[in-house]
Structures are given as structure tokens and as C-alpha cells.
Amino acid sequence: MRIMVAKLTYFAMMGLGEPIRLIFAATNIEFEDIRIGKEEWQKLKPTLKLPHLPMLEMDGKTIFQAIAICRYLARKNGLCGSSEDEALDIDVTVDTLEDMRKKTVVHYYQPDSEARTNGLKEAINVTIPSYLKIFDKQLEENKGYLVAGKFTWADILFLSHTDYLSYLLLLDILVNFPNLKKYREKISDLPGIKEYLQKRPPHPGDCRVFFF
């Protein structure tokens, strides 16, 4: 019997938990994938050191903050590049991906309103394409990857964030970026990741149900 060495707690959706799940999948590390709903979250929240998820319990530690968790796992599994300069380039790329996500979800996770609708339209037509142009250029400059011409955790975050935003917006945000679309497919087909995506549980039609 294999012993679970890690336990990830997050909502029953993609969001900030998904890049962590994908890193585990890519590195073939078994973990306990705890997916909770709104009622479970309301009970759990007051008991936590920090009042948000994801939460990773691993190596005798309880770790919060999604990007910190991703970086921790990436360092342990050789996905942070082979030099300080490469690690820096990865961090810059990750922060840029995070900017794209944040500037989109700030509109998505609002009650229905004209302002929400207009904000999402701006994200689809202006904000997201402006970031995708940056990543498209990086892809050309780095031999089919985002950094250093090799697979790093920045590639996992790209897969996770573009998949997540496409799901929220009910469209493929890469439809006008064929090179990025092929690149996402390449990352999706990597061993471990492919198997995880094939058995990934379904997500709610409206991810706002967890928060209001």
C-alpha cells in the first residue's frame, strides 16, 4: 500500500489549485486531492492560519499561497531552471500569467451586472490578447517553451491558466493564437499530465457558487 505524502485542499474547481495538481501529475507524485464545496469551506475557514485556499500539507508543513506552493514543488522537482537567471525568467513569466488571470477573474467573480458583462468583454477583446501576444513571442524565442527552451513550471501555469480562463469565459482564449494552441496541446500530452486531464473531475458551470 502506497502512503500519501501530500494532501492538497482546494475547491472542487480548477482555479488556483489546478497548477498545483498539474505539477504533482507532471512529476508523478501521488497526492490526496481534497475538493471541497461552499458549506465545507465555511466550516474549515475559521480553523486555518490563513483564511484562503489552496492549502498543501506536505513534508510536515502546512503551506498556503498558490504560487508559493507551486514554486516549492517546482524547486523540489527540477522545474525551476538550471540557473538563477532561468529561475528569474520563470518567475517573471509566472507573474505575467498571474496578471492575466487576475485582470480577468476580478470581473468574473462579481454578481451579474452590466459592469461585470462589460468587464468580461474587455478581458476577452483587449486584456487577454495583449498578454497572449507576449507569450507568443516568448514561445518563438525559447524553442517552443516559455523559458530557457525547456519544460518548466511556467509551462504548467500557462496550461492551467489558459484552460481555466477558457472555461470561465466559455470560449477558447487561444483560438486566434495557433502557435500557443499547439503548445498548450503539447504540454497537455506530456506523461502524467495527460493521464490527469483524462480523469479530472467535472467543474461547476458557474464557479461563483463557492463564494456567494
Side-chain angles (χ1 to χ4, degrees), residues 9-22 35-42 44-45 50-55 64-70 90-141 146-147 153-185 187-188 197 200-212:
T9 303
Y10 190 64
F11 304 106
M13 56 181 275
M14 287 183 273
L16 294 175
E18 199 66 1
I20 302 169
R21 296 172 182 138
L22 288 167
R35 299 174 182 244
I36 66 173
K38 182 178 180 179
E39 291 184 4
E40 293 169 291
W41 169 233
Q42 293 304 319
L44 178 63
K45 186 176 180 179
L50 295 180
H52 50 72
L53 299 175
M55 174 179 69
F64 295 88
Q65 299 291 4
I67 296 303
I69 293 171
C70 286
I90 292 168
D91 283 345
V92 171
T93 299
V94 164
D95 285 346
T96 307
L97 283 161
E98 274 289 277
D99 287 344
M100 180 177 72
R101 180 192 64 81
K102 290 175 181 177
K103 289 180 181 180
T104 301
V105 300
V106 70
H107 302 295
Y108 178 86
Y109 285 101
Q110 296 293 331
D112 290 336
S113 66
E114 184 178 353
R116 178 179 185 267
T117 298
N118 291 337
L120 291 175
K121 287 181 179 178
E122 181 178 1
I124 292 168
N125 296 319
V126 180
T127 305
I128 292 174
S130 70
Y131 281 103
L132 293 179
K133 289 175 183 177
I134 295 171
F135 302 130
D136 204 19
K137 184 177 180 181
Q138 281 187 234
L139 201 67
E140 292 181 5
E141 295 173 345
L146 287 183
V147 180
W153 70 286
D155 301 301
I156 294 177
L157 210 76
F158 179 89
L159 167 61
S160 177
H161 281 17
T162 58
D163 195 17
Y164 177 48
L165 294 182
S166 294
Y167 183 82
L168 296 184
L169 299 173
L170 303 176
L171 55 86
D172 185 355
I173 65 171
L174 302 183
V175 65
N176 295 319
F177 294 85
N179 290 334
L180 288 177
K181 191 168 183 177
K182 289 179 182 177
Y183 154 65
R184 185 178 62 185
E185 291 171 356
I187 302 303
S188 298
L197 294 176
R200 179 169 62 183
H203 304 284
D206 188 340
C207 293
R208 293 177 295 173
V209 297
F210 295 106
F211 308 108
F212 59 84

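The shown structure was predicted, so the numbers you read here are calculated from the model rather than taken from an experiment.
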Checklist outcome for this item: In terms of heavy-atom contacts, Cys70 and Trp153 come closest through CB-CZ3, 3.4 Å
Checklist entry - Of Asn176, Ile173, Asp172, which is the lone residue that meets side chain to side chain contact (heavy atoms under 4.5 Å, CB included) with Lys181? => result Asp172
Next on the checklist: So does Thr96 get a backbone contact from the side chain of Tyr131, meaning a donor-acceptor N/O pair under 3.5 Å?
Outcome noted: no
Checklist entry - Is the backbone of Ile187 close enough, under 3.5 Å, to the side chain of Asp155 for a donor and an acceptor to pair up by distance? => result no
Checklist entry - Does the side chain of Met14 come within less than 4.5 Å of Asp163's, by heavy atoms? => result yes
Item to check | CG-OG1 distance between Leu157 and Thr93, expressed to the nearest 0.5 angstrom | outcome: 10.0 Å
Checklist entry - Step by step, would you call Tyr108 with Asp206 a side-chain hydrogen bond (donor to acceptor under 3.5 Å, both in side chains)? => result CA-CA 10 Å; Tyr108 178 86; Asp206 188 340; 3.2 Å; yes
Checklist entry - For Thr117, which residues count as a side-chain contact (heavy atoms from CB on, under 4.5 Å) partner, sequence neighbours excluded? => result Lys121
Checklist outcome for this item: Taken in chain and number order and not counting sequence neighbours, the residues that satisfy salt bridge (charged side-chain N to carboxylate O under 4.0 Å, His left out) with Arg35 are Asp33
Item to check | Straight-line distance of Leu180 CG to Phe158 CZ, nearest 0.5 Å | outcome: 4.5 Å
Checklist outcome for this item: dist Leu132:CG -> Gln138:CD (nearest 0.5 Å) comes out at 11.5 Å
Checklist entry - Do NZ/NE/NH1/NH2 and the carboxylate oxygens of Asp99 and Lys103 come within less than 4.0 Å? => result no
Checklist entry - For the residue pair Pro51 and Lys45, what are the closest heavy atoms and their distance? => result O-CE, 3.7 Å
Checklist entry - To the nearest 0.5 Å, how far apart are CD1 in Ile69 and CE in Met55? => result 9.0 Å
Next on the checklist: Using side-chain hydrogen bond (donor to acceptor under 3.5 Å, both in side chains), reason through Glu98 and His161 one step at a time and then give a plain yes or no.
Outcome noted: CA-CA 8 Å; Glu98 274 289 277; His161 281 17; 2.8 Å; yes
Next on the checklist: When you measure from the side chain of Glu18 to the backbone of Ser160, do you find a donor-acceptor pair of N or O atoms at a distance under 3.5 Å?
Outcome noted: no
Item to check | Minimum side-chain heavy-atom gap Arg21-Pro54 below 4.5 Å | outcome: no
Checklist entry - Would you say the ring centroid of Phe210 lies under 6.0 angstrom from that of Trp41? => result no
Next on the checklist: I'd like to know if the side chain of Gln42 and the backbone of Glu39 have a donor-acceptor N/O pair within less than 3.5 Å.
Outcome noted: no
Next on the checklist: Any heavy-atom pair between the side chains of Ile36 and Tyr10 that's under 4.5 Å?
Outcome noted: no
Checklist entry - Given side chains that start at C-beta, do those of Leu44 and Thr9 come closer than 4.5 Å, heavy atoms only? => result yes
Next on the checklist: Side chains of Val105 and Tyr164, heavy atoms from C-beta outward: is any pair under 4.5 Å?
Outcome noted: yes
Item to check | Nearest heavy atoms of Thr162 and Leu159, plus distance in Å | outcome: OG1-O, 3.4 Å
Checklist entry - Where is the tightest heavy-atom contact between Met13 and Cys207, given as atom of each residue plus distance? => result CE-CB, 4.0 Å
Checklist entry - Can you find a heavy atom in the side chain of Leu168 that is under 4.5 Å from one in the side chain of Thr104? => result no
Checklist entry - Do Glu122 and Thr127 get their side chains close enough for a donor-acceptor pair, meaning under 3.5 Å? => result no
Checklist entry - Got a sec: does the CD of Glu114 have more than 12 other heavy atoms crowding it under 6.0 Å? => result no
Item to check | salt_bridge(Asp95, Lys102) N-O dist < 4.0 Å | outcome: no
Checklist entry - Can you tell me how far the CD1 atom of Ile90 sits from the CG atom of Leu146, to the nearest 0.5 Å? => result 10.0 Å
Checklist outcome for this item: Residues Pro19 and Gly15: closest non-hydrogen pair is CD-O, 3.5 Å
Checklist entry - Which atom names give the shortest non-hydrogen contact between Val209 and Lys38, and what distance separates them? => result O-CD, 3.4 Å
Item to check | Sub-4.5 Å side-chain heavy-atom contact between Leu197 and Leu22 | outcome: yes
Checklist entry - Is the gap between the ring centers of Tyr109 and Phe212 under 6.0 Å? => result no
Next on the checklist: Can you confirm whether Leu174 sits close enough to Ser166 that some side-chain heavy atom of one is under 4.5 Å from a side-chain heavy atom of the other?
Outcome noted: no
Item to check | Test of ring centre spacing under 6.0 Å for Phe177 and Phe135 | outcome: no
